[in-house]
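The next block holds one structure in the form of structure tokens; read it before the comments.
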Number of protein chains: 2
Amino acid sequence: MTTQTRKAREVAEREELLIDLAIEIIEQHGFAQLTMDKLTARSEYSKGTVYNHFSSKEDLWCALCARGLRIQRSMFGKLAQFQGNSREAILALSFGYELFTLCYPTLTMVSLRVMSPAVFEKASPARIKVLSETEDEMVQMLKGMIEVAMDKGELSRRYQDNLYQITFAIWAMSFGSVTIMRNSTPAPCLERIDHDSAVLTNASIVLDGLQWQPYSWEFDYHASWQRIAKEMFADELAQLSQRS
Amino acid sequence: MTTQTRKAREVAEREELLIDLAIEIIEQHGFAQLTMDKLTARSEYSKGTVYNHFSSKEDLWCALCARGLRIQRSMFGKLAQFQGNSREAILALSFGYELFTLCYPTLTMVSLRVMSPAVFEKASPARIKVLSETEDEMVQMLKGMIEVAMDKGELSRRYQDNLYQITFAIWAMSFGSVTIMRNSTPAPCLERIDHDSAVLTNASIVLDGLQWQPYSWEFDYHASWQRIAKEMFADELAQLSQRS
DNA sequence: ACATTTTTTGACGAATCGTCACAAATTTAG
DNA sequence: CTAAATTTGTGACGATTCGTCAAAAAATGT
């Protein structure tokens with residue numbers, strides 16, 4: 001079955017290439033300019049071939065979204081090796097998520113757009129399966145950290161009956177903070193908060209609320225935040241500051 | 001200047017009518033089916049007239065979003081009269097926001113879609129101004145509650161230097177929770193949490209983290225949640241349960 | 001009653017989506 | 001190695017959609 005696998009690999013490679021081109025289009029001309037015709041024109045294939053990969057425009061969006069989730073997963077994997085107490089490990093994840101949105105604003109915006117039943121209905125089932133599986137892998141990583149923290153006695157057992165509720169709280173706060181800060185309408189109140197530390201502050205509030213020790217007043221988590229940046233993401237941050 | 005004001009009123013009324021029709025279209029045929037042509041066809045006016053109201057499709061979206069914010073503001077105003085301690089008052093706001101997303105899923109979806117620079121760039125400045133002003137009014141209400149709570153000694157002064165950070169934390173958590181729960185891809189982990197109490201739980205975590213007393217273990221906020229439902233939104237909830 | 005200004009109209013061009021009959025390439029069979 | 005069968009790729013096409021604009025209709029002022 002070598003020809004089978006070779007063919008399949010070629011198709012997969014072409015799909016990655018098409019996704020790269022789609023991202024290029026968005027970054028150069030904006031989200032609205034991503035059309036199937038333009039993607040076709042930029043590739044060396046024809047419309048029919050592009051439609052062989054993506055059953056619809058919405059399916060293409062989901063493919064972009066899946067790419068974003070894959071990048072996030074790899075960042076999370078890297079972060080899991082961070083040396084520190086269990087609370088710092090969670091902060092590292094929040095840091096990673098915010099950094100992702102800064103490094104890949106395009107993919108972030110796409111994810112936001114994709115989050116709607118209307119899109120899921122038009123995307124292919126296979127694509128949606130990949131999406132939810134990748135997302136779940138990350139949730140499982142987070143859940144693992146929570147279990148470890150509880151075993152070590154650093155996290156209160158008050159919510160032990162539904163660990164998923166804890167993952168949800170952390171996830172919702174990170175997502176909400178970043179999404180409002182980066183995508184919302186220019187609201188006066190948003191100008192009054194410190195964008196650099198807002199995610200750290202909000203994460204700290206949640207972790208304090210979960211009675212996850214050491215509390216924010218017992219430990220210098222600002223130092224942790226900076227250590228995460230320096231030890232885990234020196235490259236990404238250098239690249240980011242160079243860009244702006 | 002009676003003719004002037006009469007004319008202006010007629011225009012405003014027609015605009016509200018057009019927005020009603022747009023919502024009808026979305027609810028009957030889905031978001032993607034809302035086109036300027038269809039809106040024109042459903043109205044008794046012509047395309048040019050519709051474009052006199054909404055400079056572009058994006059501007060129409062923002063108008064829908066503004067309608068949603070106006071409804072939220074009126075719900076918030078009603079909630080501000082809720083009798084209870086200062087923490088319960090904040091819970092009432094969270095309750096109101098969740099109820100809004102349940103009562104008006106269409107407008108909620110629109111708000112999510114609108115949150116992107118690409119849309120704001122194509123919308124008219126006047127429309128955006130209305131949006132950010134309405135949003136700010138609600139933030140100010142929230143801020144007022146925070147100040148009262150601090151004065152009464154129910155809320156720790158630890159974050160008193162940037163009250164907006166507190167409003168942001170509460171807002172981000174409510175928004176994040178509701179958005180992920182209602183719009184996200186069907187993730188396995190989401191099926192494991194109790195959708196009815198997730199917003200209350202998450203809000204409680206944040207308020208505990210802010211050291212907002214009485215703490216969640218000192219007071220029965222589930223009872224408050226039900227009281228808010230019964231005293232403030234009996235009508236809306238009855239209507240809602242009847243629908244499903 | 002007539003001129004001027006404002007509002008409304010709908011046909012139009014450009015651009016987009018997704019399809020499908022056909023062409024090219026690849027695989028299989030003899 | 002050749003021919004049939006199957007898979008893969010092509011791009012013209014119909015159906016929609018967006019936003020514009022010259023011309024018509026209505027409203028206003030004199």
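Computation of the quantities below employed the complete heavy-atom set of this structure, encompassing side-chain atoms and omitting hydrogens, waters and symmetry-equivalent molecules.
Put simply, CG on Asp59(B) is 10 Å from P on dG19(D), counting in whole angstrom units. Glu10(B) places its CD atom 17 Å from the P atom of dT6(C), with the value rounded to the nearest Å. In this structure, Lys57(B) atom NZ and dT16(C) atom C1' are separated by 11 Å, rounded to whole Å. Leu39(B) places its CG atom 12 Å from the P atom of dT17(D), with the value rounded to the nearest Å. Distance, Tyr51(B) OH to dT8(C) C1': 16 Å, rounded to whole Å. Counting to the nearest Å, the C1' atom of dA11(C) and the CG atom of Asp37(B) are 12 Å from each other.
The stretch residues 28-56 of chain B participates, sequence neighbours left out, in these salt bridge (charged side-chain N to carboxylate O under 4.0 Å, His left out) pairs: Glu24(B)-Arg42(B), Asp37(B)-Lys47(B).
Under the salt bridge (charged side-chain N to carboxylate O under 4.0 Å, His left out) test applied with Arg70(B), the options Glu16(B), Glu133(B), Glu137(B) reduce to a single match, Glu16(B).
Residues Ala92(B) and Leu79(B) approach most closely at O-CD1, 3.3 Å, considering heavy atoms.
Heavy-atom neighbours of Lys122(A) NZ from other residues, nucleotides or ligands within 6.0 Å: at or below the threshold of 12.
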Candidate pair Ile193(B) and Asn162(A), rule side chain to side chain contact (heavy atoms under 4.5 Å, CB included), full reasoning: CA-CA 7 Å; Ile193(B) 63 167; Asn162(A) 47 357; over 6 Å; no
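Within residues 17-36 of chain A, the residues approaching DNA chain C are Thr35(A), Met36(A), by heavy-atom distance under 4.0 Å.
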Reading 5' to 3' through nucleotides 8-13 of chain D, protein heavy-atom contacts under 4.0 Å coded B for base, S for sugar-phosphate only, - for none: -SBB--
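Among the atoms of the strands shown, none is found under 4.0 Å from any heavy atom of Ser55(A).
Applying the side chain to side chain donor-acceptor pair (under 3.5 Å) rule to Ser197(B) yields the partners Asp194(B); only residues at least two apart in sequence or on another chain are considered. Contacts of Ser174(A) classified as side chain to side chain donor-acceptor pair (under 3.5 Å), with partners at least two apart in sequence or in another chain: Ser94(A).
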Going by atom type alone, with no hydrogens or angles, which donor-acceptor pairs under 3.5 Å involve a side-chain atom of residues 99-112 of chain B and a protein atom two or more places apart or on another chain?
{"unit_1": "Thr101(B)", "atom_1": "OG1", "unit_2": "Glu98(B)", "atom_2": "O", "d": "2.6"}
{"unit_1": "Thr106(B)", "atom_1": "OG1", "unit_2": "Glu27(B)", "atom_2": "OE2", "d": "3.3"}
{"unit_1": "Thr108(B)", "atom_1": "OG1", "unit_2": "Tyr104(B)", "atom_2": "O", "d": "2.9"}
{"unit_1": "Ser111(B)", "atom_1": "OG", "unit_2": "Leu107(B)", "atom_2": "O", "d": "2.7"}

